[in-house]
Amino acid sequence: MDKLKIFCLIFITFFTTLLAQYPYLSENTYEHELVKFYLNRNEYDLAISVVDSLNFQPAYQDSMQYFKALAYIGKKEWETASDILAKIITNTNIQGLRVLALKQYNQTIKNIEPATAIEKISSIITQSESDSLNHDLLFMISEIYEQNNLYKEANDIYRTLLKDSLYTDSLKVMKKIAANEILLKDYKEANNYLDRMLAQQDSLYQKDALFFSYIANYSLENYPKAKKMLIELYQKYPEHEEKKQILRSLAQIYEKEEQYIISWYFWQQLQNIADPEEKSKIKDKINNIRKKIGNANNLPDQFQNLQPVWEE
């Protein structure tokens with residue numbers, strides 16, 4: 001069997017896998033499938049050589065350059081990959097390809113030295129006339145600032161986006177600002193944005209807004225408001241990823257209020273899901289509450305937060 005037949009058999013074997021792994025482009029020319037084949041085998045230099053050596057129809061140039069960028073990503077040559085993707089983002093007329101290139105660019109650019117990355121993104125912004133694209137690129141710069149703990153600088157950009165009447169995802173930006181203000185320990189400023197988010201009752205962001213609001217208000221020792229956020233989290237999101245912290249904070253707040261019975265209840269709830277090494281510490285907490293109940297005089301009504309549940 002000659003080499004051509006062997007190659008054809010191998011190509012057919014991988015064809016279905018290739019379409020599943022690279023479903024994002026509709027072109028199925030020989031050149032496209034050959035590059036996909038090499039990418040699938042992690043033979044990145046061969047993929048690049050195909051793109052550089054073959055002639056393509058103009059309509060396929062951008063998509064082949066996209067594959068070339070993927071090859072450089074595989075080689076971890078981040079700057080080269082990001083430069084190719086940047087050209088696609090600014091020049092292609094294929095909207096679907098621009099979306100894919102932008103997604104890859106967002107991941108790739110963050111592997112470059114921060115100052116260089118920001119310079120490269122800013123260069124695209126100066127060339128672009130698309131408000132939507134520029135919003136995405138500004139968001140990338142903010143995330144690079146965040147990765148380098150420059151939360152104030154990130155928030156400066158987020159606030160710029162909020163002021164832009166053409167920017168539509170304001171809740172996403174407010175969540176980012178609030179989280180960064182918490183990291184900067186400016187809890188009052190964080191609360192300003194969180195209150196605006198909670199007022200809109202948007203289910204997509206409600207869980208995070210409630211949790212951040214609890215953190216901000218607990219840090220400000222505004223325990224009534226923190227408790228309100230925690231109770232809503234406890235009731236609406238029973239499988240919350242921070243359930244242990246929610247239970248612990250509820251137990252602590254009610255203990256501060258001398259509501260020992262309900263505090264005991266939340267400590268017990270926490271003990272039920274605690275790790276073995278945590279259980280003994282929680283047991284000590286419960287024993288301490290029991291002593292407080294036995295020794296205290298003139299306690300506030302211990303049943304004001306409790307309701308009976310009648311079994312049928």
Inset, instruction - Kindly indicate, with the supporting measurements, whether the criterion side-chain hydrogen bond (donor to acceptor under 3.5 Å, both in side chains) is fulfilled by Tyr158 and Glu146. - result: CA-CA 11 Å; Tyr158 288 138; Glu146 288 171 337; 3.1 Å; yes
With a 3.5 Å cut-off and no angle check, do the side chains of [X] and [Y] form a donor-acceptor pair?
X: Tyr205; Y: Gln200; value: no
X: Asn217; Y: Ser213; value: yes
X: Tyr44; Y: Asn42; value: yes
X: Lys283; Y: Asn287; value: no
X: Glu113; Y: Thr116; value: yes

Legend entry - Working for side-chain hydrogen bond (donor to acceptor under 3.5 Å, both in side chains), residues Asp169 and Tyr167: CA-CA 6 Å; Asp169 202 350; Tyr167 189 76; 5.1 Å; no
Where the side chain of [X] meets the backbone of [Y], is there a donor-acceptor pair that is under 3.5 Å apart?
X: Glu257; Y: Gln259; answer: no
X: Asp202; Y: Leu204; answer: yes
X: Thr92; Y: Ile89; answer: no
X: Lys279; Y: Gln271; answer: yes
X: Asn222; Y: Tyr218; answer: no
X: Thr160; Y: Asp156; answer: yes
X: Glu77; Y: Ile73; answer: no
X: Ser82; Y: Trp78; answer: yes
X: Asp275; Y: Glu277; answer: no
X: Thr108; Y: Gln104; answer: yes

Point-to-point distance, once rounded to the nearest 0.5 Å, from [atom1] of [X] to [atom2] of [Y]:
X: Asn91; Y: Gln65; atom1: CG; atom2: CD; result: 10.5 Å
X: Asp164; Y: Asp131; atom1: CG; atom2: CG; result: 6.5 Å
X: Leu100; Y: Leu70; atom1: CG; atom2: CG; result: 9.0 Å
X: Met174; Y: Arg196; atom1: CE; atom2: CZ; result: 5.0 Å
X: Met64; Y: Ile84; atom1: CE; atom2: CD1; result: 12.0 Å
X: Glu258; Y: Lys256; atom1: CD; atom2: NZ; result: 12.0 Å

So with a 6.0 Å cut-off around [atom1] of [X], is the heavy-atom count from everything else above 12?
X: Lys87; atom1: NZ; answer: no
X: Glu119; atom1: CD; answer: no
X: Lys176; atom1: NZ; answer: yes

[X] and [Y]: which non-hydrogen atoms are nearest, and at how many Å?
X: Ala190; Y: Ala178; answer: CB-O, 3.6 Å
X: Ala117; Y: Ile112; answer: N-CG2, 4.1 Å
X: Tyr66; Y: Leu85; answer: CD1-CD2, 4.0 Å
X: Ile182; Y: Phe212; answer: CD1-O, 3.6 Å
X: Ala81; Y: Ala69; answer: CB-O, 3.7 Å

Inset, instruction - Could you walk me through whether Glu241 and Lys207 pass the salt bridge (charged side-chain N to carboxylate O under 4.0 Å, His left out) test, one step at a time? - result: CA-CA 11 Å; Glu241 57 271 19; Lys207 183 173 75 167; 3.2 Å; yes
Inset, instruction - Quick one: do Tyr254 and Phe266 satisfy side chain to side chain contact (heavy atoms under 4.5 Å, CB included)? Show the steps, please. - result: CA-CA 9 Å; Tyr254 278 113; Phe266 284 117; 3.6 Å; yes
Inset, instruction - Measure centre to centre between the rings of Tyr145 and Tyr151, then say whether the value is under 6.0 Å. - result: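 They do not qualify: ring centres at least 6.0 Å apart.
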Inset, instruction - Could you tell me if the ring centre of His240 sits under 6.0 Å from that of Tyr234? - result: no
Do [X] and [Y] sit in one hydrophobic cluster, given that two such residues count as connected whenever their side-chain heavy atoms are within less than 4.5 Å of each other, even indirectly?
X: Ile215; Y: Ile231; value: yes
X: Tyr223; Y: Leu220; value: yes
X: Tyr187; Y: Leu184; value: no
X: Leu150; Y: Leu183; value: no
X: Trp267; Y: Ile273; value: yes

[X] and [Y] ion-paired at < 4.0 Å:
X: Asp62; Y: Arg98; result: no
X: Lys227; Y: Glu232; result: no
X: Glu255; Y: Lys292; result: yes
X: Lys281; Y: Glu278; result: no

Legend entry - Residue of the set Arg159, Lys188, Lys175 for which salt bridge (Lys or Arg N to Asp or Glu O under 4.0 Å) holds with Glu181: Arg159
Inset, instruction - In sequence, state the C-alpha distance, the side-chain angles, and the governing distance for Ile141 and Ser122, and then conclude on side chain to side chain contact (heavy atoms under 4.5 Å, CB included). - result: CA-CA 8 Å; Ile141 293 176; Ser122 299; 3.9 Å; yes
Legend entry - Test: Lys172 cationic atom under 6.0 Å from Phe139 six-membered ring centre, within 45° of axis: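 The answer is yes; both the distance and angle limits are met.
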Between [Y] and [X], is there a side-chain heavy-atom distance shorter than 4.5 Å?
X: Asp45; Y: Lys75; value: yes
X: Met140; Y: Leu102; value: yes
X: Val35; Y: Ile48; value: no
X: Ile121; Y: Ile144; value: yes
X: Tyr105; Y: Ile88; value: no
X: Phe67; Y: Val50; value: no
X: Leu270; Y: Lys243; value: no

Inset, instruction - Given side chain to side chain contact (heavy atoms under 4.5 Å, CB included), test Leu162 with Tyr193 step by step and report yes or no. - result: CA-CA 11 Å; Leu162 271 185; Tyr193 289 94; 3.8 Å; yes
Legend entry - Step-by-step side chain to side chain contact (heavy atoms under 4.5 Å, CB included) determination, Ile124 to Asn134: CA-CA 8 Å; Ile124 301 177; Asn134 288 342; 5.9 Å; no
